[in-house]
Amino acid sequence: MTKSKLMTALLAAVMMTAVVGCASTSSKEGTGEYVDDSWITTKVKAAILNEPTLKSAEINVETFKGTVQLSGFVKQKEDIAKAGSVTRTIKGVKDVKNDLRQK
């Protein structure tokens, strides 16, 4: 094997290791998914903040693989549904787990 072929094979092996190392599993996000989920979380928080009927300081937002979990407290029962519907309008949201509770 020539030196250039050896270097090419070594580089290919390193690249494959890097790709596999960033891959996701059912319980762990890949790098790209983490960035996407962070973006979704930010967009959901902004949408909730822009909704005048919702108190965003009391609503927690977490995202994992496109599934958004809402938790915390709202004043009125209608706010639970409103937060869920606002969340569903965000691009990239695959599912919403609405664990909000009325105070």
Side-chain angles (χ1 to χ4, degrees):
M1 202 181 235
T2 66
K3 195 172 192 177
S4 65
K5 285 185 179 181
L6 181 60
M7 291 302 286
T8 302
L10 182 60
L11 180 61
V14 169
M15 293 298 288
M16 288 300 294
T17 302
V19 169
V20 171
C22 293
S24 65
T25 65
S26 62
S27 63
K28 181 182 170 198
E29 293 176 303
T31 306
E33 288 173 321
Y34 177 79
V35 171
D36 291 345
D37 286 344
S38 296
W39 178 251
I40 291 170
T41 298
T42 301
K43 297 297 268 183
V44 169
K45 287 180 178 181
I48 289 173
L49 180 64
N50 288 329
E51 179 58 46
T53 61
L54 299 174
K55 287 196 77 162
S56 62
E58 297 181 17
I59 298 176
N60 301 311
V61 180
E62 293 184 35
T63 308
F64 182 74
K65 294 189 174 190
T67 298
V68 177
Q69 181 176 8
L70 303 174
S71 61
F73 297 95
V74 294
K75 289 188 177 189
Q76 300 175 20
K77 190 169 188 146
E78 296 81 26
D79 293 343
I80 295 171
K82 183 65 175 177
S85 66
V86 166
T87 300
R88 285 181 187 86
T89 66
I90 304 302
K91 184 178 179 179
V93 173
K94 295 177 183 172
D95 192 22
V96 177
K97 292 185 179 181
N98 196 336
D99 293 327
L100 290 170
R101 302 288 182 249
Q102 183 183 2
K103 279 187 183 180

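In what follows, every heavy atom counts, from backbone to side chain, and hydrogens, waters and symmetry copies are set aside. These numbers come from a predicted model, not from an experiment.
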Next item on the list: Decide yes or no for Val68 and Asp95: does some side-chain heavy atom of the first lie under 4.5 Å from some side-chain heavy atom of the second?
Entry: no

Note to self: Does Gln102, at its CD atom, have more than 12 non-hydrogen atoms belonging to other residues, nucleotides or ligands within less than 6.0 Å?
What the structure shows: yes

Checklist line | Reported OG1-to-CD1 distance for the pair Thr87 and Ile59, which is rounded to 0.5 angstrom | finding: 8.0 Å

Notebook entry, point to check: Looking at CD1 of Ile80 and CG of Asn98, how far apart are the two atoms once the value is rounded to the nearest 0.5 Å?
Noted result: 6.5 Å

Next item on the list: Specify the closest pair of heavy atoms between Val86 and Ala47, including all atoms of both residues, with the distance to one decimal.
Entry: CG1-CB, 3.5 Å

Check: Between Arg88 and Val96, what is the shortest heavy-atom contact and its length?
Finding: CG-CG2, 3.7 Å

Margin query: Which heavy atom of Leu70 sits nearest to which heavy atom of Val61, and what is that distance?
Written below: CD2-CG2, 3.9 Å

Check: Going from NZ on Lys82 to CD on Gln76, what distance comes out if it is rounded to the nearest 0.5 angstrom?
Finding: 12.5 Å

Item checked: Minimum heavy-atom distance Ile40-Lys91, with the two atoms named -> CG1-O, 4.1 Å

Note to self: When you compare the side chain of Leu100 with that of Asp79, does any pair of heavy atoms fall below 4.5 Å?
What the structure shows: no

Checklist line | Approximate separation, where rounding is to 0.5 Å, of Asp99 CG and Arg101 CZ | finding: 5.5 Å

Note to self: Quick one: does any side-chain atom of Asp36 pair with a main-chain N or O of Gly92 as donor and acceptor, under 3.5 Å?
What the structure shows: no

Next item on the list: Would you give the length of the straight line joining atom CG of Asn60 to atom CZ of Phe73, rounded to the nearest 0.5 angstrom?
Entry: 9.5 Å

